[in-house]
2 protein chains.
Amino acid sequence: MNRTAPTAAVNRTEAPSRKVSQIDLIYAEVLAAIFEQRLAPGTKLAEDALGEIFGVSRTMIRSVLQRLAHERIVQIHPNRGAFVAEPTPDEAREVLQARRLIEEGIIREVIRKPSPEDIKALRLSVAAERASLDKGDHPGWVRLSGDFHLRLAAIAGNETLAVYLRELVTRTSLIILQYQKGNASSCGCDEHMEIIRAIDAGDEPAAVALMRDHLQTCEDQLHLEDREAAADLYAIFAKPGRTVGKGGRETRK
Amino acid sequence: MNRTAPTAAVNRTEAPSRKVSQIDLIYAEVLAAIFEQRLAPGTKLAEDALGEIFGVSRTMIRSVLQRLAHERIVQIHPNRGAFVAEPTPDEAREVLQARRLIEEGIIREVIRKPSPEDIKALRLSVAAERASLDKGDHPGWVRLSGDFHLRLAAIAGNETLAVYLRELVTRTSLIILQYQKGNASSCGCDEHMEIIRAIDAGDEPAAVALMRDHLQTCEDQLHLEDREAAADLYAIFAKPGRTVGKGGRETRK
DNA sequence: TCATATATAATTGTATACAAAATAAATAAA
DNA sequence: TTTATTTATTTTGTATACAATTATATATGA
């Protein structure tokens, strides 16, 4: 019942897996599904189902899930399965703090190597962003918005930092999906444009400040207060003298 | 021939894998072997061999190798196998730059929450470091030296950053193994002590500067010029008009 | 009816089997 | 002897099979 599905959804866009490995394709596909909101946070990613969908065995699905877990996009509960991560408010704050730290450093690096074509590419990126926003393509905008930041990281030229930032940007998308208030922010484009201008002018303090403020604005547009209750539920009910238990997971037989 | 080995080297220290998964144990074991210099950079990590050694199937070994690859401790060449990573000089500089960025941020965070017991723990950590150094236990010192930095990250309280720093510290160990000049550096302990003092005094600029200098000193103690030649060997010989080839990897039949 | 216990089904964890590729060895040609 | 080509061996890539665990459904007793 597994052999019947002939690698359906995957080879739609790509040639029969020459340069890019099958695993990379599935990885990208799952990621895209999450960001296009076809896969909500908390959704279970059953190995058999995914295997059937992508026409491969559980072996490769497992590999993909482990990779996603390493990047904190997916959370694996041993013996229970993999689920699309549901970042806690604390985690959200951590990610944004880490981004402020890393991206301020990236800005400082970028500003010391002013390349006209880099600036141009950045402007184009923001233009694409705005177009996507005008078109009402929210998922597309989320991705392009991340692209702007990744492009800066690429210009900075530190591959290691760029990899970390890529993970953080991905997690940020997930966080926005979960905690963004209202339908959407006017945000993004304008602030990105201002950052480009500051870089172009070679004004380091301004560029750094703008980046920090931009990320702070992002964080401020989330509401990170509510769901905390769900996570701390056990703590709330666990009063001294009265044990609650965790639904039979601690007491194994 | 696989079933015969009864989980030999692993369950030496740990109870029969209750809380910690088998994979975590093997992961830790391989990591330890690399840092204790029993496994040199460039060494091939054959799946069958590791499976036999740890008394498990290739499935789990594969999982461990993928995890190590994600952390850049191991490099996987498709269809050719996994090898202990040999960080290039460029990569080494990247890692140290990333550390400067992240650890300056961590220092700033730590200094705003002055906890006596944290300071005490830091001092103890450095004491252990010195003891290890006096004992002549170089691998032990490398690990403890990293521990100091990780402890700071833990105090800062950002789990996300701490995870990244852990990876960077691990990679740094590998880099030191490969590029440290001389037999050993006097380094480390004293500078760590100074950092603690600056934190204790609440002197942020000093603490930040000390951390930056400390990591710069680390980098300066490496020689990151030589081996570059080995990596660029093909580029060197590949003059226009004369093809060299890569030993039959490009020309597939 | 509700709670508990038991049996059944579904899902993950791990090992093994087979296919594809790469390396090593051996043979043939110059 | 050296180089090229073929064959054999080893090693990785992927699928499948079986074991262990968890979730669901059914039955039993209060």
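Every value quoted in this text rests on a predicted model; they were computed, and no experiment measured them. Per chain, numbering begins at 1; letters A, B, ... match sequence-line order.
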(Q) For Thr43(B), give me all partners under side-chain hydrogen bond (donor to acceptor under 3.5 Å, both in side chains), at least two apart in sequence or on another chain. (A) none
**Q.** Nearest-nucleotide comparison on DNA chain D, the residue closer to the 5′ end among Leu45(B) and Thr59(B)
**A.** Leu45(B)
Q. For dA30(C), which nucleotide is its Watson-Crick or G-U wobble mate, given both distances must be under 3.5 Å?
A. dT1(D)
Q: Kindly compute the distance separating CG (Leu101(A)) from OG1 (Thr160(B)), expressed to the nearest 0.5 Å.
A: 12.0 Å
(Q) Rounded to whole Å, please give me the gap between CZ in Phe54(A) and C1' in dT14(D). (A) 17 Å
Q: Whole angstrom is fine here: how far is it from CG in Leu50(B) over to C1' in dA15(C)?
A: 17 Å
**Q.** For atom CD1 of Ile23(B) and atom C1' of dA15(C), their distance in whole Å
**A.** 13 Å
Q. Is the shortest side-chain N to carboxylate O distance from Glu91(A) to Arg72(A) below 4.0 Å?
A. no
Q: Mind checking the CD-CD spacing from Gln66(A) to Gln66(B)? Nearest 0.5 Å is all I need.
A: 6.0 Å
Q. What integer distance in Å separates Phe83(B):CZ from dT11(D):P?
A. 12 Å
Which atom pairs link the protein and nucleotides 9-11 of chain C when you take only N or O atoms and keep those under 3.5 Å?
none

Q) If you look at every heavy atom in Leu222(B) and Glu225(B), which pair is closest and at what distance? A) O-OE2, 4.4 Å
Q: Would you kindly give the NE2-to-C1' distance between His77(B) and dA22(C), to the nearest whole Å?
A: 14 Å
Q) Who pairs with Glu71(A) by side-chain hydrogen bond (donor to acceptor under 3.5 Å, both in side chains), at least two apart in sequence or on another chain? A) Tyr27(A), Arg166(A)
Q) Within this structure, what is the CD1-to-C1' distance between Ile76(A) and dT22(D), rounded to whole angstrom? A) 16 Å
Q | Nucleotide dA20(C), atom C1' - distance to CZ of Arg58(B) in whole Å | A | 12 Å
Q | Integer-rounded Å distance: dA15(C) P and Glu52(B) CD | A | 14 Å
